[in-house]
Amino acid sequence: MPEFDNHAIARMLDDTGDLLEISGADRFRVLGYHKAASSIRAWPEDVTTLSGADRLTEIPGVGAKTAAAVAQIIATSTFPDLEGLKRQFPEGLLAVMQVSGVGPKRARQLYDKLGVDSIEALQAALASGRVATLGGFGAKSAEGIAAGAEAYLRHHERIPVSTALPLAERLVAGLRAVPAVRDVQFAGSLRRMQETIGDIDILTSSDDPAAVMAAVRELPLVTRVLGSGETKTSVMTTSGLQADVRVVAPDEWGAALQYFTGNKAHNIHLRALAKAAGLKLNEYGVFRVEGGERIAGATEADVYRALGMDTPPPEIRGDHGEIEAALAHELPRLVEIADVRGDLQSHSVATDGRSTLLQNRAVAAELGYEYFAATDHALNLKMVGGLTLDGLERQWELIDQVNSTPGPRILKGIELNIDEHGGVDYDEDLLARFEICLASMHSGWGASREAGTKRMLRVLDNPFVDVIAHPTGRVLGRRDAIDYDMDQVLAKAGKTGTIFEINSYPDRLDLDDTHIRMARERGVRFTLGTDAHEAEQFRYMPYGVAMARRGWTVPGELLNAQPWDVARTWLRRFRTLGR
DNA sequence: GCCGTTTTCGGCCCGACTGTTTTCAGTCG
C-alpha cells in the first residue's frame, strides 16, 4: 500500500480544494481545504501518527471533516471526495488553472465550451482562435493567457534563492544610489528566504515616485521594460529574472514592506486580527474602522505594535504559530550568522574539492571562524577518490602541521557513505580516530520507503556517526529526497543523540524548514555546514542560517554556535569514548 | 471547509488591475 506523508496528504487536500473551486463550490469551503493543506504541510509531526491517536483536530484548520478524510486517506489510500471530483473534471484542469490569467471560473468555461483539459489543449484552443470568441474573453485576454501558458511550460520551476539574492542585492544597491529613493529593500519570498523564488519584489519609498520609476527603467542590469506605471515597474534583467519594483510614500513604507513580505496566510491572519480589534490593515497602514484615522504605517514595527504584537522575523512569517508567539511577546531569539563559530562540512583537493586546506582556512579566517571541519569523502565514494587509510594519515599530518600555526582550528573529520544496509566505510577503530564523523547517502534513490527507513535506523545505531549530513539527499530542481519515514528516524535520533545537518549548499538546503521543526520537536540538535567544494563556498553559510531560522532554531540547538570545547561534548563519540 | 473575549450560526482579508463591460466579474498578490 502506498505510504502517505504530510506533503502527499496536503497535496490531495489542495487538489480537492482546486477542483471544488472549479465546480463552483462556496469559496470559503474551498479556503477550508487549502488552509488545512497548508497546516498539514508545515506540521512538525507525521500526521499518520496523529491519526492513530485521534489527535488530528489539534492541527489548526483541521476539523472533524478533514480529520476523517485524512484518516481515510491513511487507511485506504483514497479520498472518495477527490475521486468523485476527478471523475467530473480532469486532473489536467489543475495545471490549466495554474496558468497566469486563468482562474477557476475561466478553467471551467474553457473545459465546458472547448473541452480544454490540459496545457497542450489550451494552447491548441488558443491557436485556433476559439478562446477569444468565448463570452468574457477577448483578443487581449487570449493573448495574455497564451503568454501565461508558454511561461508555465518554459519555467514553472522556481529560481534558487542563491541565484535571486545576489541579483536582488545588486538591484537594491543600484536603487540606493538614486537621489529620489529614500528606503529600498527586497520583499516577498526572497525576504522570507524561501529555498526557491518566483520573482524578485523590490520596494522603495520616495516623495518623487516618477523619478524612481524612471531610474528603475535605466538600471544597468535591465534588458527590457515589461511594464511601467506610476507606482510599479516590471523589468527583465540580464540574468533572465523578472523583477517588480514598487514605490510608496515614506509614511506608508512599513505597511507596504509588511504587506509585500507576506506570506499570504500570515497577512490574512493579521487582517482578521485587525478587524476583530476594530482596525483595518492594508498596504497603506493600520486604520481605525470608525473615523478612518491612520494609527501606524511608517515602519514595520509600528504596524505590528498597533496590532499588539512584536515583529516576527521575516523567515518565519507563514502563519505557523509566529503570530500567536508575537502576541504573547514570546518570539524566540533565532540563530544569526554572527552566532556561527565554524563550518562543519568542507571538502579539499584530497578528494573532490578544488581548494587546499590552507585556502579553505584562509577564507574561514576571513569569516571570523574559530574552527572548521575538513570532511573529505570516505573510501567507498570511489568516483571522487574517497580516502584510504594512507590518504587519511597524510591529511591528519597536514592538519597537525597547519594547526600549529595561528588561525581557525581544522577538525579531523570525514563524510562517510551510508550503504544500502545502513553500514559505513570504516571499522570502529578507525572511526574512533576522527574528531567528527558525518554520514550521508550518495546512492539508493530508487529504494522503497521501508528499505530507506531500515537503512537510516541502522546507521543511527553507530556510536561514531555524529552527524547525518544532507539528510534527505534532495537536490533542488534535479533530484527528489530519498524516501524514508522521517518521523520515525528523527524520533530515534532524538534518543541516540545523533545530530542532523542543515546543509547550506544552495542546491541542497537540506534539512528544510518543516523537517527542522520536526527534528526540534524530537529533541534533535543541528550542525550547519556549507559542503564547500572550494574555499569561496564557505560563504554559503547565510543560506543555511536562513533555513535554520525558518525552522525556528535557537543558538542553544546549534552545535556550531558553541565554542569547540563545548561543541565536542555534544557529539555522540564524546559519550562513547568518554573524552 | 473551520471556528468562537463579537457568534455553536453566521461569519470568514484587502485592494488593484484588466478587459470587457455599461456597472463589474475574474484574477492576482
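So that the names make sense, note that chain A is the first sequence line, chain B the second, and so on, each numbered from 1.
Not a single salt bridge (Lys or Arg N to Asp or Glu O under 4.0 Å) links A:Asp18 to another residue, sequence neighbours left out. For A:Glu143, the salt bridge (Lys or Arg N to Asp or Glu O under 4.0 Å) test picks out no residue, with sequence neighbours left out. A:Phe186 meets the ring-ring contact (aromatic ring centres under 6.0 Å, His included) test with no other residue; sequence neighbours excluded. Legend: residues meeting ring-ring contact (aromatic ring centres under 6.0 Å, His included) with A:Phe137, ordered by chain and number and at least two apart, are absent. Under the rule for a ring-ring contact (aromatic ring centres under 6.0 Å, His included), the partners of A:His470 that lie at least two apart in sequence or sit in another chain are A:His442. Take A:Arg294 and apply the side chain to side chain donor-acceptor pair (under 3.5 Å) test, not counting sequence neighbours, and it matches A:Asp251.
Residues in residues 114-123 of chain A take part in no side chain to side chain donor-acceptor pair (under 3.5 Å) pair, two or more places apart or across chains. Each side chain to side chain donor-acceptor pair (under 3.5 Å) pair with one or both residues in residues 282-291 of chain A, not counting sequence neighbours, appears once here: A:Arg288-A:Glu293.
Sorted by residue number, the list of members of residues 206-213 of chain A with any non-hydrogen atom under 4.0 Å from DNA chain B is empty. Of the residues in residues 250-269 of chain A, those with a non-hydrogen atom less than 4.0 angstrom from any atom of DNA chain B are A:Tyr259, A:Ile268.
With a heavy-atom cut-off of 4.0 Å to chain A, the contacted part of DNA chain B has its first and last nucleotide at B:dG1 to B:dG29.
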Under 3.5 Å, sequence neighbours excluded: what are the donor-acceptor pairs made by side chains of residues 23-31 of chain A?
{"unit_1": "A:Ser23", "atom_1": "OG", "unit_2": "A:Leu20", "atom_2": "O", "d": "2.6"}
{"unit_1": "A:Asp26", "atom_1": "OD2", "unit_2": "A:Phe28", "atom_2": "N", "d": "3.2"}
{"unit_1": "A:Asp26", "atom_1": "OD2", "unit_2": "A:Arg29", "atom_2": "N", "d": "3.2"}

